[in-house]
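Every chain is numbered from 1, with letters handed out A, B, ... down the list of sequences. The figures that follow rest on heavy atoms only: side chains count, while hydrogens, waters and symmetry mates do not.
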Amino acid sequence: MRQVTQQELAHDPLWVARKLLGCEIRSTSPEGEVGVRLVEVEAYRGGDDPASHCYRGRTERNAVMFGPAGHLYVYFVYGMHFCINVVCMTDGVPGAVLLRAGEITTGLELARSRRPAVRKDVQLASGPARLASVLGITREHNGVDLTDPASPIRLYHGVPVPEEEIRSGPRVGVAAAMDLPWRSWVDGSPAVSPYRRGGRRRPRTRV
DNA sequence: CATCGGATCTTCT
DNA sequence: GAAGATCCGATGG
C-alpha cells in the first residue's frame, strides 16, 4: 500500500476531496492499529468560504491549515467531540478536507471498544466525530504529518473510486454557504452519514 | 423511522 | 456571552 505524498495533497480541497475517497487512514498506538477506508468527505476552502474555520483569518486554532499540505487539522466541537481534516493547498494558503465517514478495514475490535455506544459495525465511523474517536485521535494529534511513514496517523492509497460512483451535495450541518455541493461520498456505501441541514438551532430558553 | 433536547467546553466576538 | 463542520438516548407515529 502506497502512502499518500504531500505533493498529491497540495491542491484545491475540492479536487483533493474526490481523490481521498477510497484512501485509507491508519492509526498506530500502544492499544493497536485501526484502519478506515474513506467514503465521505467535505471540502473547506480558505478566505472565500464562509463555512471554513479560516474565513476570518489566521488564529491559534486554525494555524495548521495555513501550513504545508498533508498535515492533520484536529478541532474540538460541542464541548466533547474531535473532528479531523487533511490540510491541502501550498504552504501559506489555507484549505482542508473534513473526513466525515469510512469503513473499518483493520482493528475492528479496538474500533468497537472506542465507540461502545454504536450497535452496528458499519456505523462505527459514520460521522466525523465517530471516525476520529475510532482512530483514537485527540487534540494532541493536531498537526501530525500524515505523509510521514513514522507518524502515528498515516494516509494510504486504496483502490481508486470510479468517477461514476462519486456523488456530491451540500455539506452537513453547516449554516453558511448551504448551497455549495462540497460534500462528496461513495454511492451506495452504508457507512455514509445521514444528511442534516445546517442552520441555527432554536434559541435556548434562558433561566 | 423521524424528531427533539441535553451534554459540555473551546473559541472568537 | 453565544454559537458551534456532533452524538446519543428518549419519545411518538
Please give me every residue in residues 45-77 of chain A whose heavy atoms get under 4.0 Å of an atom in DNA chain C, ordered by residue number.
A:Ala51, A:His53, A:Tyr75
Between the main-chain N or O of A:Gly57 and the side-chain N or O of A:Asn62, is there a donor-acceptor pair closer than 3.5 Å?
yes
Contact check, side chains of A:Val97 and A:Lys19, non-hydrogen atoms, under 4.5 Å:
no
Output the residues of residues 10-17 of chain A in contact with DNA chain B, where contact means a heavy atom of the residue under 4.0 Å from an atom of the strand; sort by number or write none.
none
Atom-to-atom span, CZ of A:Phe82 to P of C:dC7 - whole angstrom
14 Å
For a side chain to side chain contact (heavy atoms under 4.5 Å, CB included) check, start with the C-alpha distance between A:Ile137 and A:Leu131, then their side-chain angles and the critical distance, and finish with the verdict.
CA-CA 9 Å; A:Ile137 293 175; A:Leu131 175 50; over 6 Å; no
Residue pairs involving residues 6-25 of chain A (criterion ring-ring contact (aromatic ring centres under 6.0 Å, His included); sequence neighbours excluded):
A:His11-A:Trp15
Atom OH of A:Tyr195 to atom C1' of B:dA2: distance rounded to whole Å?
16 Å
Rounded to whole Å, please give me the gap between CD in A:Glu40 and P in C:dA5.
16 Å
Could you give the distance from CZ (A:Arg183) to OG (A:Ser168), rounded to the nearest 0.5 Å?
10.0 Å
If you group Ile, Leu, Val, Met, Phe, Trp and Tyr whenever their side-chain heavy atoms sit less than 4.5 Å apart, what else falls in with A:Tyr156?
A:Met1
Taking DNA chain B as the partner, which of residues 92-110 of chain A come within under 4.0 angstrom of it by heavy atom?
none
Non-neighbouring partners of A:Arg2 that pass side chain to side chain donor-acceptor pair (under 3.5 Å), sequence neighbours left out
A:Glu8, A:His157
No-hydrogen, no-angle side-chain donor-acceptor test under 3.5 Å, A:Arg154 and A:Thr28
yes
Given 3.5 Å as the limit, does a donor-acceptor pair link the side chain of A:Gln3 with the main chain of A:Leu146, or not?
yes
For residues 66-74 of chain A, please give each side-chain donor-acceptor pair under 3.5 Å, one per line with the distance, not counting sequence neighbours.
from, atom 1, to, atom 2, distance (Å)
A:His71, ND1, A:Gly143, O, 2.9
A:Tyr73, OH, A:His53, ND1, 2.7

Measure the distance from CZ on A:Arg114 to P on C:dC7 and round it to the nearest whole Å.
17 Å
Do any pairs count as a ring-ring contact (aromatic ring centres under 6.0 Å, His included) and have a residue in residues 102-129 of chain A, sequence neighbours left out, and if so which ones?
none
Out of the candidates A:Arg130, A:Arg37, A:Lys120, only one should pair with A:Glu103 under the salt bridge (charged side-chain N to carboxylate O under 4.0 Å, His left out) rule; please name it.
A:Arg37
Can you confirm whether A:Arg56 is buried at CZ, in the sense that more than 12 heavy atoms of other residues, nucleotides or ligands lie under 6.0 Å from that atom?
no
Is there ring stacking between A:Tyr78 and B:dA7, where the centres must be under 5.5 angstrom apart and the planes under 30 degrees?
no
Runs of at least three consecutive Watson-Crick or G-U pairs, both distances under 3.5 Å, are what I'm after; which ones involve DNA chain C?
B:1-7 with C:6-12, B:9-12 with C:1-4
Return the residues of residues 115-132 of chain A meeting this criterion: a heavy atom under 4.0 Å from some atom of DNA chain B. Order them by number, or give none.
none
Starting from C1' on B:dG5, measure out to CE on A:Met80 and report it in whole angstrom.
12 Å
Taking all non-hydrogen atoms of both residues, which atom of A:Ala63 and which atom of A:Arg58 are closest, and how far apart?
CB-NH2, 4.1 Å
Could you tabulate the donor-acceptor pairs under 3.5 Å formed by side-chain atoms of residues 79-92 of chain A, not counting sequence neighbours?
from, atom 1, to, atom 2, distance (Å)
A:Asn85, OD1, A:Leu98, N, 3.4

Under a single-linkage rule joining Ile, Leu, Val, Met, Phe, Trp and Tyr whose side-chain heavy atoms are separated by less than 4.5 Å, which residues share a cluster with A:Leu14?
A:Leu180, A:Trp182
